[in-house]
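Working notes for the structure below.
Numbers for residues simply follow the sequence, beginning at 1.
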Amino acid sequence: MIKVFLSIIAFLMSLFAAGQVIENSKLSIENKVDILFKDIKDTDPGVSVGIIKGNKFIVQKNYGLANLEYQIPITNSTVFHTASVSKQFTAFAILLLEADGKLSLEDDIRKYIPELHQFEKKITLRQLANHTSGIRDQHNLARMAGWNSDDIITNRQVLELIYKQKNLNFAPNEQFMYSNSGYTLLAEVVARVSKKSFADFTKERIFIPLKMNQTQFTDKVGLLIKNKAYSYYKENNNFIKNIFQNASVGATNLSTSLYDLSKWAINFTTYSVGSKKIFEKMQQLGKLNNGNSYDYGLGLFINNYKGIPKIEHSGLDASYQAYIGWFPKQNMSIIFLSNNGELNGGRIINKLTGICLDSFVKQKKKVSKKLTKKNTYIKVDLNNFKKQVGFYWNYKDRFTRELRINNGHLNYVGGDGKLTKLNAVNKNEYEFSTKEYTAVKIDKTKMNVILDDGYTLKFEKYIPANYNEKSIKEFTGTYYSEELNTTYTFYSKENRLIANHQRTGDFKLKAIKNAFFIGNKGSFRDITFTRNKNYQITGFKVSSSRAKNIIFRKLNSI
């Protein structure tokens, strides 16, 4: 028993040491990387990772298999699908054509693609490249239209879906909202201006000159790619191949290897292809109409790691994960490529960045910026509470909260149903009676909940829906969207509205307030039914995270 006990203690200590040893500054960067990926088995899908200093690898490591069926290991020459890492190459191609005098970033997109709907205000190539065009995201649209993730999808299908859109998420340059559609359109511009396929143009102008011989845009389903890694996810402790058959280019579909992508990373400072001016343009932050900037240039996110300037882009498709990041002051780059959907890519990239850069971080004394309680309260008339009680809806995060009177005091009802007494700073502002700071501010039908770090949750007052078996049926029927060229049928079951698509099947809708429902399917999130002057249902508008207010009209009732 003593031996067993000691072995357990030794095992627990080894786990603790493994978690701490990566922080040990005496270890080499390569050893720290090995520890980070120590749990990847030789029989699992894995990772190809590189760290470049100047123009040389200081770490080149591969873990796991590129192909589970034939037990083919990952090497520096294994080719991965890189998803949205592709976007920087599309932006670069546009800038090469601008340098050739063939186009301008300020050109109207319809100058090159007249098939796109004529919106009220023009959309420029720059706005497409920095995600401020307002054009709805193609992936959100495709899911709403009933496309499945393993469908065969061509570039032409995606473009036609974009051309069908008659409305925008917002007016051009009013907001920043990531949209893959912009980059599919930019790739089409490259093809039309150069009179070559996008894949051929990028190969001739970027990949061949940089001797990136294993790199290409995959614009045909089934295109043969040598040394290709397949992606996998886990189900019931078994790895399953994650099929990806989307051949749309520009926003995605760059195939490359660690060795090839390192050449692109080095080109970022040597300008063997392109010019310093082009790379400076790619890193220039955009500005909205109101003058505010955001952390995106042209095909690249521009931000920092603990104060150290960082230029980066990541990507995720099927179970592929990819990342490339530059740290100009350190003349260092990180590349991460994976075919293992079970890995937390974001967390791994953050740890890789720490391994490379924490020694450069200037330690600053932590200053608490947390908000503190006023602790000076007044007595408020009960009638004031009665005006404020009720339910409040958070549209951004899609959840409800309630204010309720209990024992003569206004209380905040949390998601778990727990009541927290509110102390009045004034008749419209309160603080939680708990030790930690949380404030509640009410302005008529609006409620803001401010946390101790200043983060604000915004709510709007509403009357909860209360449909019965009979009243819920007014929403049933068949609905059609011209912009998606697809039909949904709504039916009721046990006082619940159910949506059905012939390809994606059934999913439940939850009634929140009058004629407003939320869905539990990713791109079918918020549904608002519309009525005519006779109060009859005529259709609905549905929104997802990156595609807003898609119109469906009612065809018939059931």
Would you please say whether a donor-acceptor pair under 3.5 Å links the side chains of [X] and [Y]?
X	Y	result
Thr132	Asn130	yes
Lys87	Ser84	yes
Trp264	Gln88	yes
Asn556	Thr478	yes
Ser255	Thr218	yes

Among Asn140, Thr252, Asp137, find the residue that satisfies the side-chain hydrogen bond (donor to acceptor under 3.5 Å, both in side chains) test when tested with Asn180.
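Among the candidates, only Asp137 passes.
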
Applying ring-ring contact (aromatic ring centres under 6.0 Å, His included), name anything that partners [X], two or more places apart in sequence or on another chain.
X	result
Phe268	Phe279, Trp326
Phe475	Tyr467, Phe517, Phe529
His81	Phe244, Tyr320
Phe336	none

Return the minimal non-hydrogen interatomic distance between Ser272 and Leu210, and the atom names on each side.
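Scanning both residues, the minimum pair turns out to be CB-CD2, 4.2 Å.
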
Distance-minimising heavy-atom pair for Arg136 and Glu483:
NH1-OE2, 2.8 Å

For residues 192-202, which residue pairs qualify under salt bridge (Lys or Arg N to Asp or Glu O under 4.0 Å), counting only residues two or more places apart or in two chains?
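Non-adjacent pairs meeting salt bridge (Lys or Arg N to Asp or Glu O under 4.0 Å): Glu115-Arg192, Glu188-Arg192, Lys196-Glu204.
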
Less than 6.0 Å separating the ring centroids of Phe540 and Phe552?
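Yes, the ring of Phe540 comes within the 6.0 Å limit of the ring of Phe552, centre to centre.
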
Measure centre to centre between the rings of Tyr395 and Phe516, then say whether the value is under 6.0 Å.
yes

Residues in salt bridge (charged side-chain N to carboxylate O under 4.0 Å, His left out) with [X], at least two apart?
X	result
Lys277	none
Arg347	none
Lys513	none

Can you list the residues that meet the side-chain hydrogen bond (donor to acceptor under 3.5 Å, both in side chains) rule with [X], with sequence neighbours excluded?
X	result
Ser133	none
Ser194	none
Lys241	Glu69

With sequence neighbours excluded, give me every ring pair (Phe, Tyr, Trp, His ring centres under 6.0 Å) pair touching residues 151-191.
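Counting only pairs at least two positions apart or across chains, the ring pair (Phe, Tyr, Trp, His ring centres under 6.0 Å) contacts touching residues 151-191 are His131-Phe176, His131-Tyr178, His131-Tyr183, Phe176-Tyr294, Phe176-Tyr296.
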
